[in-house]
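One structure is given below, encoded as structure tokens.
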Amino acid sequence: MKKTGILNSELAKVADDLGHTDLVCIGDLGLPVPNGIHKIDIALKRGEPSFIDVLQVYLDYVVVQQVFLASEIKTQNPAQLHAIEEMLPQGVGIDFISHEELKQMTRDCKAVLRTGEDTPYSNIILQSGVTI
């Protein structure tokens with residue numbers, strides 16, 4: 001049994017298989033997941049686990065070079081945006097796109113993680129970086 005790292009076996013497998021520029025989405029309760037995209041549902045109940053808790057674990061173990069957020073988060077959930085900005089490693093770029101564009105981008109993701117988050121626009125697409 002693992003002592004450290006990502007303990008969710010589905011998410012650990014996705015993280016282990018990522019290559020440079022691969023995309024993974026962490027989403028809230030309501031984000032639709034396109035047919036054929038691997039959905040990892042870790043929601044336990046409304047609010048748990050939170051989007052921020054899941055994002056923090058992901059960032060602890062996966063190299064990220066770019067993220068994509070819905071531009072609507074700026075006005076509809078500024079506290080969440082601030083929390084995201086505070087936890088992103090230095091040098092990670094943020095691209096703001098429309099929520100509709102973000103939903104379309106999920107079609108290119110290796111997986112979508114469904115959290116228990118129930119605040120608006122708490123969705124992020126993370127592009128993998130490289131360690132070499």
Side-chain angles (χ1 to χ4, degrees):
M1 184 171 172
K2 288 173 77 172
K3 288 174 32 176
T4 63
I6 297 172
L7 298 180
N8 179 288
S9 60
E10 285 185 83
L11 179 52
K13 174 69 171 138
V14 168
D16 290 344
D17 290 343
L18 289 173
H20 187 215
T21 72
D22 283 344
L23 302 174
V24 171
C25 178
I26 300 173
D28 58 27
L29 282 173
L31 184 69
V33 179
N35 291 334
I37 300 301
H38 185 81
K39 177 182 176 182
I40 302 172
D41 192 339
I42 56 176
L44 298 173
K45 64 180 185 176
R46 188 172 292 277
E48 293 181 18
S50 73
F51 169 85
I52 290 296
D53 287 343
V54 174
L55 179 58
Q56 185 61 64
V57 170
Y58 190 88
L59 291 172
D60 285 346
Y61 296 104
V62 177
V63 176
V64 173
Q65 69 180 19
Q66 188 76 25
V67 300
F68 301 87
L69 296 169
S71 56
E72 292 88 341
I73 196 172
K74 293 176 183 178
T75 58
Q76 300 299 310
N77 200 347
Q80 191 78 290
L81 174 58
H82 179 72
I84 293 166
E85 291 171 331
E86 289 292 311
M87 61 195 316
L88 288 178
Q90 188 172 356
V92 174
I94 301 175
D95 279 346
F96 291 97
I97 58 178
S98 73
H99 186 59
E100 286 304 314
E101 288 175 287
L102 187 134
K103 290 190 294 186
Q104 293 297 317
M105 278 186 74
T106 61
R107 294 177 178 173
D108 296 322
C109 289
K110 297 289 182 181
V112 175
L113 285 68
R114 180 178 178 256
T115 69
E117 187 68 42
D118 61 353
T119 63
Y121 303 102
S122 291
N123 307 294
I124 190 169
I125 294 178
L126 304 111
Q127 184 180 57
S128 298
V130 66
T131 59
I132 56 174

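Just so we're clear, the structure is a prediction, and the values are computed from it rather than from any experiment.
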Revision key, fill the gap. Of all heavy-atom pairs linking Asp22 and Gly19, the shortest is OD2-N, 2.7 Å
**Study point:** Leu113 side chain reached by Val14 side chain, heavy atoms, under 4.5 Å
**Key:** no
Exercise for review: Give a yes or no on this: more than 12 heavy atoms of other residues, nucleotides or ligands lie within 6.0 Å of atom CG of Asp17.
Suggested key: yes
Check your understanding: Cluster question for you: counting only ILVMFWY and a side-chain heavy-atom cut-off of under 4.5 Å, with indirect links fine, are Val64 and Leu81 together?
Key -> yes
Check your understanding: How long is the gap from OG on Ser122 to CD1 on Ile73, to the nearest 0.5 Å?
Key -> 5.5 Å
Review point. Under 3.5 Å, side chain of Asn77 to main-chain N/O of Pro120, donor-acceptor pair present?
Key: yes
Point to revise | Spacing of NZ belonging to Lys13 relative to CD1 belonging to Ile40, to within rounding of 0.5 Å | key: 11.5 Å
Point to revise | Ile42 versus Asn8, closest heavy-atom pair with distance | key: CG2-ND2, 3.4 Å
Check your understanding: How many angstroms lie between CG in Asn123 and CD in Glu72, if you round to the nearest 0.5 Å?
Key -> 10.0 Å
Revision key, fill the gap. Between Leu59 and Pro89, the two heavy atoms sitting closest are CD2-CD, 4.4 Å
Practice item. List for me each residue that meets ring-ring contact (aromatic ring centres under 6.0 Å, His included) alongside Tyr58, sequence neighbours excluded, and say none if there are none. Key: none
Revision key, fill the gap. Taking every heavy atom of Thr115 against every heavy atom of Pro49, the minimum-distance pair comes out as CB-O, 3.5 Å
Review point. Same hydrophobic cluster for Val24 and Leu88, using side-chain heavy-atom links shorter than 4.5 Å among ILVMFWY?
Key: yes
Check your understanding: Tell me, do Tyr61 and Leu11 make a side-chain contact under 4.5 Å, heavy atoms counted?
Key -> no
Point to revise | Cluster check Val63, Ile94: I/L/V/M/F/W/Y, side chain < 4.5 angstrom | key: no
Point to revise | Non-hydrogen side-chain atoms of Arg114 and Leu29 separated by less than 4.5 Å | key: yes
Review point. Shared ILVMFWY cluster between Val62 and Ile124, side chains joined below 4.5 angstrom?
Key: yes
Point to revise | Other residues, nucleotides, ligands: >12 heavy atoms within 6.0 Å of His82 NE2 | key: no
Practice item. Enter the distance from Phe68:CZ to Met105:CE here, rounded to the nearest 0.5 Å. Key: 4.0 Å
Check your understanding: About how many Å separate CG of Leu126 and CD of Gln65, when rounded to the nearest 0.5 Å?
Key -> 11.0 Å
**Study point:** Pairs involving residues 101-126, ordered by first then second residue, that meet ring pair (Phe, Tyr, Trp, His ring centres under 6.0 Å) (sequence neighbours left out)
**Key:** His99-Tyr121
Check your understanding: Less than 4.5 Å apart, any side-chain heavy atom of Val57 and any of Ile6?
Key -> yes
Review point. Is there a donor-acceptor pair closer than 3.5 Å between any side-chain N or O of Asp28 and the backbone N or O of Leu31?
Key: yes
**Study point:** Ile125 to Leu102 - nearest heavy-atom pair and separation
**Key:** CD1-O, 3.6 Å
Point to revise | Rounded distance [0.5 Å steps], OG1 in Thr106 versus CG in Leu23 | key: 10.0 Å
Exercise for review: Return the minimal non-hydrogen interatomic distance between Asp118 and Arg46, and the atom names on each side.
Suggested key: OD2-CG, 2.8 Å
Review point. Hey, is the main chain of Lys45 close enough, under 3.5 Å, to the side chain of Glu48 for a donor-acceptor pair?
Key: no
Point to revise | Salt-bridge present (Glu100, Lys103; N to O < 4.0 Å) | key: yes
Review point. According to a 4.5 Å side-chain heavy-atom criterion applied to Ile, Leu, Val, Met, Phe, Trp and Tyr, with indirect links allowed, do Ile52 and Leu69 form part of one hydrophobic cluster?
Key: yes
Study note, to complete from the structure: From the list His38, Arg107, Lys39, side chain to side chain contact (heavy atoms under 4.5 Å, CB included) partner of Val33 resolves to Lys39
